[in-house]
Every structure is written in C-alpha cells, then in structure tokens.
Protein chains: 2
Amino acid sequence: MNGEGPGEAGAAEADAEPNGAVGARPASPSPPPDVSAAGRRGRRPGSGDTRGRVLDSARAIFAERGFDGTTIRDVAGRAEVDPALVHHYFGTKQRLFVAAMEFPIEIRTVMPAIAAGSPDQIGDRIIAAFVGLWDRPEVRPTLLGVARSATTDPVAAAMFRGVLVDGPLQAIAGLLGTPDAAMRATLVGSQLIGLAMARYVAELEPIASMRADELAPLIGPTLTRYLLGDLGAQPGSSGFPGSAPNGPVR
Amino acid sequence: MNGEGPGEAGAAEADAEPNGAVGARPASPSPPPDVSAAGRRGRRPGSGDTRGRVLDSARAIFAERGFDGTTIRDVAGRAEVDPALVHHYFGTKQRLFVAAMEFPIEIRTVMPAIAAGSPDQIGDRIIAAFVGLWDRPEVRPTLLGVARSATTDPVAAAMFRGVLVDGPLQAIAGLLGTPDAAMRATLVGSQLIGLAMARYVAELEPIASMRADELAPLIGPTLTRYLLGDLGAQPGSSGFPGSAPNGPVR
DNA sequence: GTCAGAATTCATCATGCGTTGAATTCTACG
DNA sequence: CGTAGAATTCAACGCATGATGAATTCTGAC
C-alpha cells in the first residue's frame, strides 16, 4: 500500500528560458550574487521522478555509511537536490531511512522454494536463497543499509531481526514441527547474521568472493542441523539428523 | 607510543548512581557562583585516577552507542570531568576510542586451553572460551564497543577482524595442518561474529540468556566441522569428521 | 620555600547538522 | 485564461559537536 509519489507525470519538455528576474526580497546582508542562470528558485521543469532519485541516493549512502554516518545534505547532494526537498518529501531523517529501506521484495516469495525438496538439504536451499537475495543489485543496498545501522539504531535493529529471524525462520522451524522452534530459529539467524556481516559488511576473503553454489554445501549443513538435528546429543556425536540413533524428522 | 599515565587499568566498574546530577551547564548569563568549592578552576585535589575514570566512561558509552553515537561531552559528563580534559589526555576522539578499546587480555592466553584435548571437540572449547571471554564483565564493554562500531568505523572494523579472524583462528587452522586454512578460519569467524551479534548486540532470545555450557554443544560442532570436516563432501552427507559414511535419513 | 610542571576548568571557535518557513516557478485542471 | 496546488529552492535558525588556548590550582622536587 505504498501511496507512491504525488502524481508522477512523464511529460518533460518545456525548455523555458530563464526569464525570472531574481529580485532579492529583503536586503540580504551580503549574499554572493551568483547570477548564473542555473541557480534560480522554484520548480524546475521536467526533472522527472525526483522523489525516486532521492530514495536511491539515500539507499546508496545509508548502505555505505549507516544511519549515523549519513547526512541529509549528502543525500540531497547526490540526488542533485536541495536538502529542504528531502524534508519536504520525508519529514525527518528517520522517516527517510524507513522509506529508503522498505523491503523491495516479499520475503514470503522465496519461502516455497525453500520448503520444497528433501528436508536434509533445507540448509543448502536457505543459503542459496539468502545469498541470492543479497546478490541482487536492487536488494543489496537495502540490506547493507539495515545491517550497517542495526548495531546502533533501534529501528534498523528491529528491521534486521524481522528479516533474519522473526519472520521466515520462525515460520520454517514451526512448519517443520520440531520443538524448540525459537531456539533453532535463533541459531540459524546467528549463522545468517554472521555470514552477512563477514561476506557483505566486512568483506572477508575468501568467502566474500565465493559463489552461492560454493557456499551452500559449506554452510548449508550447519543450518540443516540447527533446524532438524538432534541438538541434545552429547558432545562428540555430530548431532546430525540421520547420524542420531532416533530419527526426529517428520 | 602509549605513554600510559597512572598505571593500572583494572577498575572493573565502581558504578556511581546512574546519571549523576552533575549538570553544571547552565547557559544563564549570571551563573550563581554556587559558593561551594565545586565550581572553581584548576587542579582538584586528590581526585585519584581520573584518566582511568575517563577510560572507563568511554568504554561504557562506546559499548552502548558505538563510535558515532558517542560524544566526548557524554564521556566527560559520565566521568564528571570537563570535556577539555578528555582532549588533554587523548587528543582526538579516534585516539580515545583506540585507547578505550585496547584489548584488556592477551588473546593468546586462551589458545592452549583450546588446542588441548581431543580434536573432535575443539569447536566446543572455542565456544566455551569465546562466550567465557564475552561474559567477563571487564571484557564485555570492550568487545561490545568494537562490535557496535565495526559496521561503520574502519578502525573498529580492523580491530574486530583482528580479534575474531586474523589472529587466533588463522593460527588454529594453520596449527592443525588442514588445507584451506583461510577459508575455514573465515567460516569459523562468520559463526562467531553471528553469535556475538545475536547474543550480545541484538540480544536475541533464547540464546542471549543461555549459559556457555549450553551453547557449546549446540554451536561447537559447527566450528569443529568448519575446522576439520570434509567440506568437499556432497550436500546431504554431514561432512563431519567423526560421522561414518552413512547415507542420509530415508 | 620556591618553582616547574601536571591537572583541571573556562570560555570560545568553527563547523556541520537536522530542520523550518517562506518565496518562487511550474503544471494541471476548470 | 486563471488559478490552486505541487515542486523546488533560498536563507536561516538553533543547537550540538569536536577541538583549542589560555587561565588557574595543586603537587612534588629541590
């Protein structure tokens, strides 16, 4: 229910030569006159989807520097727009953050692909979906921005938790009918958070450069065990589903 | 290098009542001189280890709000000291951060306890040591401060990587003579980062409240497999070092 | 007892921030 | 055409921040 911009119209032509005499209203103390034609006030013609440009700019800078490190002036500058316009559209910096980080895809969309298939490879599918999501160029800035801000900003922290733990994973764990769903989901979340931080935020090599299909067999089994394994097994036994004496699956 | 002033840096807490009412910042043009001796200039007698108090204050606030969210005035206020004194001792905010986050223990101290014992439980021992470290009250603020700042500040990011991956884990992986030491160390690092973020930064339940000896059998096997397992195994097999080549559950 | 130097505070500075209000120009609708 | 309203900018406010430099007071060595 995103009310989208105020009537975005595509039509853009209107050369409109600068005719407005810049009559300085009050006797300004000493403003450098700067009589270039580009610096005039008022609506600029045909600039297209400005609001969207501001959002893109905000996403990029939030992703790079996190909430605290981002200034509205920088966002405006990158969008080639006056800072006041950012406030005009979004009100406050927090609201700009929320608007820019609104999740671009429906998380539940990927759930069926994860649930389908043999249970003992569910971890691999989660990793594939997770990495595939982060690697989509229109999604990455959003997730990076949230991740970079989550250690400081409570709003971002709530988003982070929502995307990584509360939402899909609780559902998955509950769906599979294992007990301790919350604990298992949190364990999965911890490995996913760590993967995201190591690969995308800290960019640790070599896992920052590996492909999704290389990572899945490495980390997938961890998630599978967290979700389905016999976690009560004594140390020394692997605790893997199938290697435990009793098969808890299904 | 580090001239280190009044010696020891122990002093776990000392904890005055929260939010000491030491306002003393009235911008009123005619400040009532408050004839008590509190408001005078110059050296104050017998105040003891002031530099240490500033460091403790900085650690606490960095831990709570990260580098960006911490102001020198807040640090000074909590230490009941003038902000200029903080600069007098540490020069710049970055140097204060480095001084406050200087690691309070020798990481190599815990290495023997990890290396000793049967290899197939090395992961459990790493978790026990890791959680034990974080749970020590004089260490936690340091690690929290670094973790909270690492997503934004490059200096903190380097510290974080140093503590979690570069230093001990490379050593461990190399020591054990497995190939792909860097990759294995990074995998271990990813799980440790995730555990730290989930348990200490995001405080996700229930793993935020579990004891070290409860967490070790849950997460330890993951690390053991990352360090020693047959990671080239096809998905479906557990890839565990001790687990026999038995097929998946059917 | 003197005096150098350390410890501590005060008073500011310059900057950058988020935010606001009003002015101006363009567009769409009647 | 006229006009209401949206889009955009200008100018500035108020405040918090990191940082400085000088002033003051205490301490310790001689």
Side-chain angles (χ1 to χ4, degrees), chain A residues 5-34 36-54 67-77 79-97, chain B residues 3 5-6 22 24-27 29 31 33-34 37-54 58 67-77 79-97:
Chain A
E8 58 92 20
E13 25 103 13
D15 45 346
E17 82 282 323
N19 60 351
V22 187
R25 282 297 312 127
S28 309
S30 61
D34 202 302
S36 90
R40 78 197 187 288
R41 233 208 277 228
R43 184 178 208 173
R44 249 178 15 193
S47 41
D49 179 26
T50 308
R51 199 186 123 109
R53 258 177 30 235
V54 171
F67 183 82
D68 292 332
T70 296
T71 103
I72 290 203
R73 283 171 161 86
D74 283 349
V75 170
E80 297 179 284
V81 149
D82 192 274
L85 190 64
V86 179
H87 278 98
H88 172 64
Y89 277 129
F90 304 101
T92 168
K93 187 183 173 186
Q94 271 285 355
R95 300 237 307 270
L96 170 65
F97 181 78
Chain B
V22 70
R25 268 300 54 196
D34 202 307
R40 78 197 188 289
R41 227 205 288 223
R43 183 177 207 171
R44 252 176 16 191
S47 41
D49 179 26
T50 308
R51 199 188 124 108
R53 257 176 33 235
V54 172
F67 182 82
D68 292 333
T70 296
T71 102
I72 290 203
R73 281 170 163 86
D74 284 349
V75 170
E80 296 178 285
V81 150
D82 192 274
L85 190 63
V86 179
H87 278 99
H88 172 64
Y89 277 129
F90 303 101
T92 167
K93 188 183 172 186
Q94 271 287 353
R95 301 236 306 269
L96 170 66
F97 181 79

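Every chain is numbered from 1, with letters handed out A, B, ... down the list of sequences. What you see is a predicted model, and the numbers here were worked out from it, not measured in a lab.
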Trainee: Among the nucleotides D/dT8, C/dC10, C/dG21, which one has an atom lying closest to any side-chain atom of A/Ala84?
Mentor: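 Shortest atom-to-atom distance from the side chain points to C/dG21.
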
Trainee: Can you name the residues that form a side chain to side chain contact (heavy atoms under 4.5 Å, CB included) with B/Arg73, not counting sequence neighbours?
Mentor: B/Thr71, B/Pro83

Trainee: Under the side chain to side chain contact (heavy atoms under 4.5 Å, CB included) rule, collect the residues that match up with A/Ala79, sequence neighbours excluded.
Mentor: A/Val54, A/Ser57, A/Val81

Trainee: Output yes when at least one side-chain N/O atom of B/Tyr89 is less than 4.0 Å from OP1 or OP2 of C/dT8, else no.
Mentor: yes

Trainee: To the nearest 0.5 Å, what is the distance between CG on A/Asp82 and NE2 on A/His87?
Mentor: 11.0 Å

Trainee: B/Ala58: what forms a side chain to side chain contact (heavy atoms under 4.5 Å, CB included) with it, not counting sequence neighbours?
Mentor: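 Testing B/Ala58 for side chain to side chain contact (heavy atoms under 4.5 Å, CB included), a comparison that skips the adjacent residues, returns B/Phe62, B/Val75, B/Leu96, B/Ala100.
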
Trainee: Return the polar atom pairs (N/O with N/O) between nucleotides 15-18 of chain D and the protein under 3.5 Å, or none.
Mentor:
| residue | atom | partner | partner atom | Å |
| --- | --- | --- | --- | --- |
| D/dG18 | OP1 | B/Thr70 | O | 3.4 |
| D/dG18 | OP1 | B/Lys93 | NZ | 3.2 |
| D/dG18 | OP2 | B/Ile72 | N | 2.9 |
| D/dG18 | N7 | B/Arg73 | NH1 | 2.6 |
| D/dG18 | O6 | B/Arg73 | NH2 | 3.1 |

Trainee: Over the length of the helix from C/dG1-D/dC30 to C/dG30-D/dC1, how much do the five-pair end axes diverge, rounded to 10 degrees?
Mentor: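 Axis angle across the helix from C/dG1-D/dC30 to C/dG30-D/dC1, nearest 10°: 0°.
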
Trainee: Quick check: closest heavy atoms across A/Arg95 and A/Phe90, and the distance to 0.1 Å?
Mentor: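 Shortest heavy-atom separation between A/Arg95 and A/Phe90 comes out as CB-O, 3.2 Å.
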
Trainee: Could I get the full list of side-chain hydrogen bond (donor to acceptor under 3.5 Å, both in side chains) partners for B/Asp68, not counting sequence neighbours?
Mentor: none

Trainee: Please tell me which of the listed nucleotides, D/dT9, C/dT19, C/dT9, lies nearest to the side chain of B/Leu85?
Mentor: C/dT9

Trainee: Which heavy atom of A/Lys93 sits nearest a heavy atom of A/Thr70, and at what distance?
Mentor: NZ-O, 2.8 Å

Trainee: For a quick test of reading the model, state the closest non-hydrogen atom pair linking B/Glu80 to B/Arg53 and the distance between them.
Mentor: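 That closest heavy-atom pairing would be O-NH2, 3.8 Å.
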
Trainee: Tell me: CG of A/Asp82 to C1' of C/dA22, nearest whole Å?
Mentor: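 That distance rounds to 13 Å.
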
Trainee: Once you round it to whole Å, what is the distance between P of D/dA7 and CG of A/Asp49?
Mentor: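 For the pair A/Asp49 CG and D/dA7 P, the rounded distance is 11 Å.
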
